[in-house]
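As structure tokens, the structure follows; a few thoughts come after it.
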Amino acid sequence: MWSGLGETRVMSEDHEVRSTVGLVIRDPALVLGILASVFLFFSMLLFPVFGILVGLFTPLPLLYFYYQRGRTIGLVMIGLATLVVGIIFFMDSNLAGGLMFLGYGLLVVVMAESLRFSLPPEKVIGYPAAALLGLGLAVLIVSSTFHGQSPWAYGQNVIKTHIEETFRIYQDILTAAQQSRAPLESDQAEDRSGITGEDEGRKIEAEFPSAAPDEEFGKLASLFVRIFPGLMIIGVLLLAWINFMAVRWLLAWKGVLPHHLADLKKWKAPEVLIWGVILFGFCVILPIEASRSIGLNGLMVLALIYFFAGLSVVAYWFDLKAVPRFFRVITYMIIALQQYLGLIIVGLGLFDLWFDFRRLKKAQSNS
């Protein structure tokens with residue numbers, strides 16, 4: 001009896017999935033969303049610089065339709081897009097690329113569900129980032145176990161390998177630059193100004209220094225290993241933040257933006273994070289290498305969160321003073337390009353806890 005009920009339930013679920021797949025395939029908008037996500041993902045491989053920036057929005061089409069059309073259609077779209085990417089990478093014998101796209105799918109699921117449950121912005125961004133970092137940690141543990149190393153040692157080797165490849169590319173570029181500026185004919189050893197070919201060679205070496213020596217390479221590799229955890233967390237948080245802001249704009253354009261996400265100009269960093277600043281700052285000043293690394297990585301991550309809070313302060317005052325849109329765009333571009341101005345924005349977000357630049361606490365007490 002129970003086995004018959006189980007078989008009936010499985011058949012019913014299988015029929016529902018097939019019906020949903022057929023519904024998705026017959027809907028041009030959903031098919032376009034799948035293809036757009038796949039194209040954005042592969043643009044990172046097709047276009048070296050611009051493609052990386054565009055590829056950050058890979059989750060956006062799937063995220064929008066997941067939130068708009070519901071969980072079932074959203075999951076089917078993610079599955080179909082993953083299938084397309086997986087087939088392409090399988091033909092190229094590249095399983096890492098398919099796993100990376102699966103990570104984007106995980107971000108879509110967690111962020112869309114967070115939006116559907118009307119969670120606050122910090123959780124809509126934080127939960128998907130935590131899920132992606134958990135997936136990355138799981139992959140690191142599995143890979144390190146397969147290679148017979150500890151996760152930390154395996155991660156160090158991977159980072160150093162990438163740095164070596166970067167320096168090799170840099171050296172090839174310098175070599176090509178030197179060759180392009182070399183004399184066209186070897187018998188022209190001296191020109192009218194008295195500069196010999198040997199002098200010209202020394203001049204080129206001065207302008208295009210050779211690859212960093214082993215000692216400098218070792219220091220740089222060690223630094224990257226120390227701050228790599230913080231860089232990873234920052235990168236994942238930025239990925240989640242970019243897609244959150246993009247889907248928020250799309251939902252506002254369609255007139256279906258949730259009310260609690262309508263005004264981010266009053267968002268501020270959770271007050272409890274100030275204890276993290278104190279703790280990580282204390283770790284940095286301790287004369288222990290491991291403690292300093294933990295403190296440095298922690299402060300890097302918190303600086304990004306307070307940077308977001310500082311941007312909210314700036315956006316609030318822009319709106320209050322009715323600053324023209326053109327000037328706002330220029331200001332945000334300058335903030336993104338100037339690191340010192342970025343530090344000022346971090347300070348705005350941090351000290352807003354005490355100075356209340358937007359008078360939010362006063363407004364809440366009056367109400």
Side-chain angles (χ1 to χ4, degrees), residues 37 40-41 43-44 47-64 99-112 114-115 119-137 139-140 159 162 224 226-250 261 264-265 267-270 273 276-277 280 296-315 329 331-350:
S37 183
L40 289 171
F41 179 74
S43 65
M44 293 185 290
F47 312 105
V49 178
F50 177 74
I52 295 177
L53 299 177
V54 174
L56 295 176
F57 295 95
T58 297
L60 180 59
L62 302 176
L63 177 61
Y64 173 76
L99 186 62
M100 182 178 177
F101 189 85
L102 190 62
Y104 283 132
L106 178 62
L107 182 144
V108 170
V109 172
V110 179
M111 182 172 290
S114 300
L115 288 170
L119 297 182
E122 61 270 17
K123 293 183 179 180
V124 176
I125 296 174
Y127 286 170
L132 266 183
L133 290 170
L135 177 63
L137 181 60
V139 172
L140 176 62
I159 297 170
H162 283 295
F224 268 95
R226 287 181 60 192
I227 66 175
F228 186 75
L231 292 176
M232 279 292 298
I233 297 174
I234 288 175
V236 172
L237 283 174
L238 283 174
L239 175 66
W241 177 76
I242 288 172
N243 283 275
F244 166 72
M245 296 299 292
V247 77
R248 177 180 172 273
W249 179 85
L250 281 176
L261 299 178
L264 297 182
K265 294 184 292 295
W267 182 84
K268 59 191 307 181
L273 291 183
V277 175
F280 290 129
L296 180 61
N297 283 277
L299 289 178
M300 288 168 56
V301 175
L302 290 178
L304 177 64
I305 297 175
Y306 283 112
F307 178 79
F308 292 153
L311 286 180
S312 296
V313 174
V314 173
V329 173
T331 303
Y332 289 138
M333 291 177 61
I334 295 175
I335 291 174
L337 296 175
Q338 292 292 331
Q339 57 182 350
Y340 297 110
L341 193 54
L343 291 176
I344 294 176
I345 301 300
V346 172
L348 279 178
L350 176 63

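Computed over heavy atoms, backbone and side chain alike; hydrogens, waters and symmetry mates excluded.
- Summarising the geometry of Ser43 relative to Val54, their closest heavy-atom pair is OG-CG1, 3.9 Å, with the distance given to 0.1 Å.
- Smallest separation of non-hydrogen atoms from Lys123 and Ser114: O-OG, 4.3 Å.
- Surrounding OH of Tyr332 are more than 12 heavy atoms belonging to other residues, nucleotides or ligands, all under 6.0 Å away.
- Rounding to the nearest 0.5 Å gives a distance of 11.5 Å between CG of Leu107 and CG of Leu102.
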Between Tyr127 and Met111, is the side-chain contact (heavy atoms from CB on, under 4.5 Å) condition met? List the steps. CA-CA 7 Å; Tyr127 286 170; Met111 182 172 290; over 6 Å; no

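- The CH2 atom of Trp267 sits 6.0 Å away from the CD atom of Glu122 when rounded to the nearest 0.5 Å.
- Residues Phe307 and Ile335 are in side-chain contact: their nearest non-hydrogen atoms beyond the backbone lie under 4.5 Å apart.
- Minimum interatomic distance between Ala269 and Ile305 (heavy atoms only, all atoms of both residues): CB-CG2, 4.2 Å.
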List the steps, then state whether side-chain contact (heavy atoms from CB on, under 4.5 Å) holds for Val247 with Leu115. CA-CA 10 Å; Val247 77; Leu115 288 170; 4.3 Å; yes

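- Looking only at distances, no side-chain donor or acceptor of Ser37 sits under 3.5 Å from a matching main-chain atom of Pro61.
- Counting only heavy atoms from C-beta outward, the side chains of Leu238 and Phe308 approach each other to under 4.5 Å.
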For a side-chain contact (heavy atoms from CB on, under 4.5 Å) check, start with the C-alpha distance between Met245 and Leu264, then their side-chain angles and the critical distance, and finish with the verdict. CA-CA 10 Å; Met245 296 299 292; Leu264 297 182; 3.9 Å; yes

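- Counting heavy atoms of neighbouring residues, nucleotides and ligands inside a 6.0 Å radius, atom CE of Met232 does not exceed 12 of them.
- Rounding to the nearest 0.5 angstrom, the gap separating the CG atom in Leu237 from the CG atom in Leu133 is 7.0 Å.
- A heavy-atom distance below 4.5 Å is found between the side chains of Leu60 and Leu250.
- By the 4.5 Å heavy-atom criterion applied to side chains, Leu239 and Leu132 are counted as neighbours.
- Note that the CG atom of Leu56 and the CD1 atom of Ile242 stand 5.0 Å from one another [nearest 0.5 Å].
- Between Phe41 and Tyr104, the ring-plane angle classifies as perpendicular under the 30° and 60° cut-offs.
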Could you go step by step and tell me if Ile233 and Met300 meet the side-chain contact (heavy atoms from CB on, under 4.5 Å) rule? CA-CA 9 Å; Ile233 297 174; Met300 288 168 56; over 6 Å; no

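- The closest side-chain heavy-atom distance from Phe244 to Leu63 is not below 4.5 Å.
- Counting all heavy atoms, side chain and backbone alike, Pro121 lies closest to Leu261 at CG-CD2, 3.8 Å.
- Ile345 and Leu311 make their closest contact through CG2-N, 3.6 Å (heavy atoms, listed as atom of the first residue, atom of the second, distance).
- Nearest heavy-atom pair, Asn243 versus Pro59, reported as atom, atom and distance to 0.1 Å: OD1-CD, 3.4 Å.
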